[in-house]
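This report refers to the structure that appears directly beneath it.
In listed order, ligands and their atoms are each counted from 1.
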Amino acid sequence: MTAISPPSKTDPVVIVGAGIFGLSTAIHLAQRGYTKVTVFDRQPYEKTLYSYTEGCDAASADINKIIRSAYGSQTEYQELTAEALKIWNAWHEELRLGGAAVPPGMTSDDVVWINNGNISLTDADTLPGFERDTVQGMEAAGHRGTQLINNEEDHLRLAEEKGFAEAMQPFSKKLLGVLDTTGGTAIADKACRFALHKAKSLGVQFVLDPKAGRFKSTIEDASGKVTGIRTADGKFHAAAMTIVACGGWTPTLVPDLDGLAETTAGSVVILKLPESSPLRKRFSASRFPAWTFKIRDGAEGGLYGFPADENGHLKIGYRGTKYTNPRAQADGVERSEPITRWTEGESLKKIPEQALTVIRKFLDDYLPELGAEGIDIWLTRLCWYNDSYDNHYVIDRVQGKKGLMVATAGSGHAFKYLPNIGSWVVDIMEGVGLDRPAVKAWQWREKKAGETAPNKLMEGSRSRKALGNVPLVSVDAPKERL
Ligand SMILES: Cc1cc2nc3c(=O)[nH]c(=O)nc-3n(C[C@H](O)[C@H](O)[C@H](O)COP(=O)(O)OP(=O)(O)OC[C@H]3O[C@@H](n4cnc5c(N)ncnc54)[C@H](O)[C@@H]3O)c2cc1C
């Protein structure tokens, strides 16, 4: 175990990565009085505004993400959501007040999340154990009447009273499920813009540039302590603590994560509803929830989706198979690396055929009104997660390396914690509250022999999940800008 030696409030702290982990950490460091915080990122987010269609390549750069309290028996995350929701709502208050809190290009009418609920659905006859645990866990923690089962009369009545009646059965065929009325949809790009602006207002410095912001390596002193980073422009930036928060790029930048975390791809499609289509109303967030379908059922399930956004974009994602892109690294070890349409030199504009097949079947079975109106897939995306073997985050000092931390391995569920995860990162850096269950779950760890875990990591280029072994298809609409 590396000894805890937190930096002083006036020491320089470097964060690498301006996704949600980096942004949130920057905000909370500044709010706790750290005066020399600098965030480096290779992407010019002030220009590209966290928009995927403007070339942004990060899990956090997206149109929307699910917010949920529903976490089965993992009540530590349930309570983390309750903490986050307070700040999500406070951010709305800040926006409403207008003035300096409103980021450039946004207005005080903008929202960063919508409480349209998140429904977890199955085509089975009984609720999966996870959902039953959620209902129990939420009730036990005092969040009564928030998890509504869509075949129970009193829950349907409650849904009506709370304005969630239509969200209880969002599709053309009935499915069994539980609506988490605490949750809904984060407006991902605007939330990141808000957080970036907030961090800057608190005095955090940002270097968002393909060269000056690109991390190349850490610098170590004679004792092996990390004393800062070198960026692609050749400059050295001193730091008493360096926090690497590079999402799916972290496992190749910090190979110490071997066996603990690996980057994997999810497949996403976006359908575009014309402005004149009556379906814009049908899929608006005032009627339609965020949803998951057979999300823990393996390759034939793993679907999730959202209401249409303000531009009529209807997004559906597939996570049933977690694809990898293993490439031999300088040390000879194969590690998965993100590859997307925006990857320099080798852009990939395709998604796995298997993902498309599962999505198309779902569209035919449950959303036939889209096909009936001639609405098809407009854009596809491979979106890269950083998954730990057990789906818990990794927020800790890199073992054996003083001065270096990671805040990463969002494992597909960290966006909702943009407002508050940074507070936990700072606690961990300062050595505060280390016996809390969540903090323990995020500690540096190794999969024990015989331990069952949801993710099998580092199977290499022979894996059936490796993109090189998977048929890929292109379905982007022709003549579109991308
Ligand atoms: C398809 C998809 C759907 C998801 N859905 C949900 C959801 O519904 N709800 C939810 O809560 N969570 C969801 N997640 C998870 C959530 O998006 C992630 O956990 C979170 O956004 C990860 O943030 P991050 O800061 O770790 O990484 P990222 O957002 O990927 O950011 C990493 C940053 O590091 C930068 N970087 C990389 N290399 C370098 C370098 N060498 N130098 C400088 N900067 C570098 C990148 O430019 C990038 O800005 C989803 C993830 C994906 C991929």
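Each of V16, G17, G19, I20, F21, D41, R42, Q43, Y45, A58, A59, S60, K65, I66, G213, R214, F215, A245, C246, G247, W249, L253, V268, Y304, C383, W384, Y385, G410, G412, H413, A414, F415, K416 has a non-hydrogen atom positioned under 4.0 Å from some atom of ligand 1.
Counted by atom type alone, Y77 and S69 present zero donor-acceptor pairs between their side chains at under 3.5 Å.
For R381 and Y52, the positive end sits near the middle of the six-membered ring, less than 6.0 Å away and at most 45° from its axis. Cation-pi contact between R360 and F362: absent, since separation from the ring centre below 6.0 Å together with deviation from the ring axis within 45° is not met.
The existence of a salt bridge linking E46 and K200 is confirmed by a sub-4.0 Å separation between a basic side-chain nitrogen and an acidic carboxylate oxygen. E334 and R327 are not joined by a salt bridge, as no carboxylate oxygen comes within less than 4.0 angstrom of a charged side-chain nitrogen.
Residues satisfying the side chain to side chain contact (heavy atoms under 4.5 Å, CB included) criterion with K350, sequence neighbours excluded, are L348, L472, S474.
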